[in-house]
Each structure stands twice: as structure tokens, then as C-alpha cells.
Amino acid sequence: MNRFCFKKSWAIFLFAIAATIFSFAKSTLFLPLYAQHIDSQVYIHTAQEVLNGKVLYKDVFDHKGPAMYVFVCLGYWLHAYNLNGIWLVQLISLLIGLLPLLFYLQRRGGVVLAMSSLLVFLSWIYRFNRIGDNIPEVYSLGLVSLYFYLLLTIIDNQFIAKKYQLIGIGMLTVFLVLFKLNFAIVVIPSLIYLFIQIVKITKNISFLIWLIVGAVACLLPFVFYFSYHHALYEAFYAIWIFNLNYVSTQSISFFQSIWDVFYFQIFFISFLIALISFSVFYIKKERSFFIILIITFVSSILVLVGLSGRGADSIHYVIPLAPVVLLLFFYAIFHIYKKFIFLWMLGAVYFFKPVVVHYFDKNVYTNSYEDLISYINLQKKEGETLCVIGNYSCLYDMTKLPSNTPYFYTYPILSNPNNDIYKKFLQRNMDSKANWLALQIQYPPLKDEKELLKNYELVKKFASINLYHLNPNNTFNSSQ
């Protein structure tokens, strides 16, 4: 019997690794830097700067949480400053969290059901990832998976939690929040459920001490880093205040934003909703936890997509829900439809089909910056700097020109000209003008464009960027 269980564990282990690698085999991280999504370009450039000794938020600005750069810096450093290392770290971090959860599900429901649930998990990621890899939502998957694994082991033990489980849950919760503040919604309903159940059974709240220990243990290294570099305020402002201001500037209505995200996956979503809705009336055992998963699913969509107000641009915001979808599918089949498990396996394979089709698609990308980069590299001089008004962060790396200020990309900054970061961005550019300024044409209206472009001369227009040079002298040939 033990040998049989061991063989099944190996089966799920190998299948999970193979399916996950297959799903991420066409990663955008295997493409050149200029082919990365604009968000990924920001994370890569920021990681480069941090590895070169600059202080996050103080010397190089971003509004994503610092946990993101633990992974990106590690991956970039690991493989000799190559994007392949980032892909490897992303994959390993996912599997470290996912495999324990899959082993748990295999022990509960068997290999076939665990494999089917994994295919639904991977299908969810693919269907809602329109911008490629190296984004917080993908890195969060391993953390959320590991969190639910620890939670399930506590539930199985009649809510008698071990210290390491509570410390782990505390650490994972804080680490998720240090990626993006709104990731907290993915764990809040189940944390409340855990609190109520433990108090009901043990009649005390001493377990909170170990949750707090885990939370503090995760938070302290970041506090120490920013305190040591005198950047604690800058970190707090970027992560908390700036992000709240950024969200408040979104214009799409709450429900329109949700509709825009799920419209193109209406059949997939309808299937899941029908399966879950029907199952909730028949599940007896573990019914309360199943309902908590539903609450997590619904509340996360409302917060991650509805409150963001970005519509289709926020489609990747629901990627962290993949472990929740995996568990909803598993429990629905396990408690209600287990007799037809192979039929459900075929259904999971069907939904996984787009991932397979995508694997055989040919990557098509063009370097739309080629003329611009060639022009700057031909004309630039040693010691010059660059300012990009827009989102093309790869221009710094491809021209080898440093940014003149910490604000190397501007699309979140320009969203609200009244915030302090915008004022600092403008002042720093006034005090230390870049030799080259690349103005992305679609990113005006820029409130202070005339002041920002003072003493600059337009030297060349490209497809989506106007290129300016500061006080060109007689030797500068703008016709080249």
C-alpha cells in the first residue's frame, strides 16, 4: 500500500512539473528585452538598478511592493544578468508552493482528480495572462498555493494548529501584501474563518501570537533595509499613499471593469459558476470551507478588478485566484461527481487546449524602437542621461544611458498631477535635465509639458516617440 501511494505521489510530482514547465515554455522572458511587456520592463530595469547599489523607492521609483524585487533581483543575479534566471526563479517559486497542495489533493481525491484540478489551474493562468510573465500576479501563485496548503492541514487537524503552520500563514500573508496591497483580499476571508474556528474550539486567542511572529519575521528584513538606507518614508509613500491615489484616478465603472475582464472568457467562467453553484447545495462535509472559497473568489474579483476600474487592462489581476479556482473545482468534483472523474478529466483537458495551441504558435515580435535606439547610440556622448516620458523602460538598457532622476517611467505618475511624486518628478527634471528626452506621443496630456521641454529641441520623430535633445550645439547633426 505504501509503495502504491509512493508511486502515485511520483506520478503527480512528475505530471505537475511537466505540465507547469509546458505551460510556461513559451514565456515572454525568453524574448528580447524590447519584446517584454511594459510592466516587466519596469521590474527588470528596477532590479538592475537595485543590484547596482541604488535604493528602492529612494534612488529608483516604483509603486509595486518590495517583495516583487526579492524574486526579480534573485533571478536576474542568478543567471548572470539574463532574463532566463528570472524565468527559473518564477517557475521554482510556483512549484514550491503548488506541489505540497497537489500532494495533499492527491491523497484526498486521487491522482486523476489532482491532475484535472492542476489543468484547470494552469488554464486559468493562461486565459487571464495577456501581458506575459514577470509580473506580481504570477509570482503570487506559489505563495497563495502554499498558504492554502497550510490552511487545509490545520482544518484536517480539527483546527489544532501547530506553531510552524501559524508562523507560515503569517509570513505568507504579509509577503503577499508586500507584493500588492490588494492581494490581501485573496486570504482575508479564510483568515477570518480560521480565527473563528480556532477560537470556537480552543476558547483562546493565544494562537494569534504565532501569526504575529510570522508577520513580523517577514516584515522586519524590509523595515531594516529601508531604515538602514533612510528610505522608510519613501517606501511607505510609494506602497501605500501613492497606490491609493493611483487607484482613485481610474475612470471605468465598477461593474463595467468586471465585465470587460470576463467577457472574452464567458464560456469558461460560466462553466465554473454553474459547477460551483450546483455543488454548493449538495456538499455536506466541508461545506463551510467550500463557501469560504466562494466568498474568496467573489470578493477578490470585486476588489482586484472592480475597484481598480481599469477594465480589460486589469485582466491579469485575477491570476492570483488560480489556487482558489483549483480548490473549488477539486471539492465540487470530489464531493459530488467523483463517479464521472475521467469525464471531468476530459473537460479539464478541453479547457487546457488553448495552452497547447499556444505552445505551437510562432512568436511574432518586432523591435519598434530599433530606429530610435540606433539614432541615440549614434549621436550620444559619454556621460549623457536619458528621460523617458512614458513607459519604454527598455530604452535605458538598450542605449546604455542612465535616467537623470529616480522617476525613470511615468505612466502611473502622470495619472495624477496633484500627488507629491509628480511634483518631485517635475522638480528633479527641472534641477537636473536629461541630455535626451523621449516623449511617448500617446502619453500627453502632460500638464507641464511646455515647462518640461524648455531648452529642448525636437530632433527626430519616430513611430510613437518624439525625441528631444538638450541645448544641441553646432556640432550636433539633427538630420542624421
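Side-chain atoms are counted along with the backbone in the values below, which use heavy atoms only and exclude waters and symmetry mates. One is the number of the first residue; the rest follow in order along the sequence.
- Smallest separation of non-hydrogen atoms from Ser300 and Thr296: OG-O, 2.6 Å.
- For Phe271 and Phe351, the ring centers sit closer than 6.0 Å to each other.
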**OP:** Apply side-chain contact (heavy atoms from CB on, under 4.5 Å) to Phe13 and Leu95, showing your working.
**Re:** CA-CA 10 Å; Phe13 175 78; Leu95 288 172; over 6 Å; no
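- Checked against side chain to side chain donor-acceptor pair (under 3.5 Å), Tyr104 has the following partners two or more places apart in sequence or in another chain: Arg108, Asp156.
- When atom types are taken as modelled, the side chain of Ser257 and the backbone of Ser253 share no donor-acceptor pair closer than 3.5 angstrom.
- Partners of Lys54 according to the salt bridge (Lys or Arg N to Asp or Glu O under 4.0 Å) rule, which considers only residues two or more places apart in sequence or in another chain, are Glu49.
- Legend: residues meeting side-chain contact (heavy atoms from CB on, under 4.5 Å) with Lys423, ordered by chain and number and at least two apart, are Asp420.
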For the pair Leu307 and Asn182, evaluate side-chain contact (heavy atoms from CB on, under 4.5 Å) and give the outcome as yes or no after the intermediate values. CA-CA 10 Å; Leu307 285 182; Asn182 56 8; over 6 Å; no
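- Asp39 is linked by a side chain to side chain donor-acceptor pair (under 3.5 Å) to Tyr411, counting only residues two or more places apart in sequence or in another chain.
- Ring geometry for Phe226 versus Tyr57: interplanar angle of 30 to 60°, hence tilted.
- Separation of atoms OG (Ser117) and CG (Leu327) is listed at 8.0 Å; rounding is to 0.5 Å.
- In this structure, Lys433 has no salt bridge (Lys or Arg N to Asp or Glu O under 4.0 Å) partners at least two apart in sequence or on a different chain.
- In this structure, Trp240 and Phe236 have parallel ring planes: the angle between them is below the 30° cut-off, well short of the 60° mark.
- Closest of all the heavy-atom pairs between Leu146 and Pro100 is CD1-CG, 4.3 Å.
- Side-chain atoms of Thr410 come within 3.5 Å of backbone atoms of Gly390 as a donor-acceptor pair (strictly under, hydrogens ignored).
- Distance alone, capped at 3.5 Å, places no donor-acceptor pair between the Ser374 side chain and the Asp371 backbone.
- With sequence neighbours left out, the side chain to side chain donor-acceptor pair (under 3.5 Å) criterion links Ser123 to Arg127.
- Asn52 and Gln48 form no side-chain donor-acceptor contact under 3.5 Å, judged by distance and modelled atom types alone.
- The side-chain hydrogen bond (donor to acceptor under 3.5 Å, both in side chains) pairs that include a residue from residues 141-152 are Tyr147-Ser190, where partners are two or more places apart or lie in different chains.
- Below 30°, between 30° and 60°, or above 60°: for Phe224 and Tyr228 the angle between ring planes is below 30°, a parallel geometry.
- Heavy-atom contacts from other residues, nucleotides or ligands closer than 6.0 Å to CZ of Phe255 number 12 or fewer.
- Residues Asp313 and His316 come closest through the heavy atom pair O-CE1, 3.1 Å.
- Between the side chains of Asn377 and Thr399, no donor-acceptor pair is found at a separation under 3.5 Å.
- A distance of 14.0 Å separates CD1 in Ile86 from CG in Leu91, rounded to the nearest 0.5 Å.
- Applying the side chain to side chain donor-acceptor pair (under 3.5 Å) criterion to Lys180, with sequence neighbours excluded, gives Glu137.
- Under the 30°/60° scheme for interplanar angles, the aromatic rings of Phe242 and Phe61 are found to stand perpendicular.
- Contact between Ile239 and Gly65 at its shortest, heavy atoms only, is CG1-CA, 4.4 Å.
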Handout entry: Candidate pair Ser140 and Leu176, rule side-chain contact (heavy atoms from CB on, under 4.5 Å), full reasoning
Key = CA-CA 7 Å; Ser140 73; Leu176 279 169; 3.8 Å; yes
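- Looking at heavy atoms from C-beta onward, Phe352 lies out of side-chain contact with Tyr126 at the 4.5 angstrom threshold.
- Every salt bridge (Lys or Arg N to Asp or Glu O under 4.0 Å) that Lys400 has, sequence neighbours left out, goes to Asp397.
- Between the side chains of Asn134 and Tyr139, at least one donor N or O sits under 3.5 Å from an acceptor N or O.
- Between Phe267 and Tyr350, the ring planes are perpendicular. Angles over 60° get that label, and only those under 30° would be called parallel.
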task: Kindly determine whether Val355 and Ile125 satisfy side-chain contact (heavy atoms from CB on, under 4.5 Å), including the steps that lead there.
output: CA-CA 10 Å; Val355 184; Ile125 298 169; over 6 Å; no
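- Scanning for side-chain contact (heavy atoms from CB on, under 4.5 Å) contacts around Ile212 gives Val216, with sequence neighbours left out.
- The minimum heavy-atom distance linking Ala16 with Leu102 is given by the pair CB-CD1, 3.5 Å.
- Interatomic distance, Leu191 CG to Ile169 CD1, rounded to the nearest 0.5 Å: 7.0 Å.
- In this structure, the side-chain contact (heavy atoms from CB on, under 4.5 Å) partners of Ala434, at least two apart in sequence or on a different chain, are Thr385, Cys387, Asn404, Tyr456.
- How far CG of Leu401 is from CG of Leu386: 5.5 Å, rounded to the nearest 0.5 Å.
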List the steps, then state whether ring-ring contact (aromatic ring centres under 6.0 Å, His included) holds for Trp87 with Phe30. CA-CA 8 Å; Trp87 177 86; Phe30 294 135; 5.0 Å; yes
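- Between Phe262 and Phe128, the ring planes lie perpendicular to each other; the angle is over 60°, past the 30° to 60° tilted range.
- Listed for the Tyr69 side chain is no donor-acceptor partner under 3.5 Å among the backbone atoms of Val50.
- Of the possible polar contacts, none joining the Ser432 side chain to the Arg428 backbone as a donor-acceptor pair under 3.5 Å is found.
- Ring geometry for Tyr369 against Tyr34 counts as perpendicular: the plane angle is over 60°, on a 0 to 90° scale with 30° as the lower cut.
- Taking all atoms of both residues into account, the shortest heavy-atom contact from Val55 to Tyr225 is CA-OH, 3.6 Å.
- For Trp436 and Tyr468, the ring centers sit 6.0 Å or farther from each other.
- Partner Gln36 forms a side-chain contact (heavy atoms from CB on, under 4.5 Å) with one of Leu83, Ile131, Asp133 and no other, that one being Leu83.
- Rounded to the nearest 0.5 angstrom, Gln90 CD and Leu29 CG are separated by 6.0 Å.
- The distance from atom OH of Tyr396 to atom CD1 of Ile44, rounded to the nearest 0.5 Å, is 15.0 Å.
- A donor-acceptor pair under 3.5 Å links the side-chain atoms of Glu384 to the main chain of Lys381, judged by distance alone.
- Formation of a donor-acceptor pair under 3.5 Å by the Ser308 side chain with backbone atoms of Val305 is found in this model.
- With hydrogens and angles left out, the side-chain atoms of Asp62 and Tyr43 include no donor and acceptor closer than 3.5 Å.
- The side-chain contact (heavy atoms from CB on, under 4.5 Å) test applied to Val177 returns Leu181, Ala184, not counting sequence neighbours.
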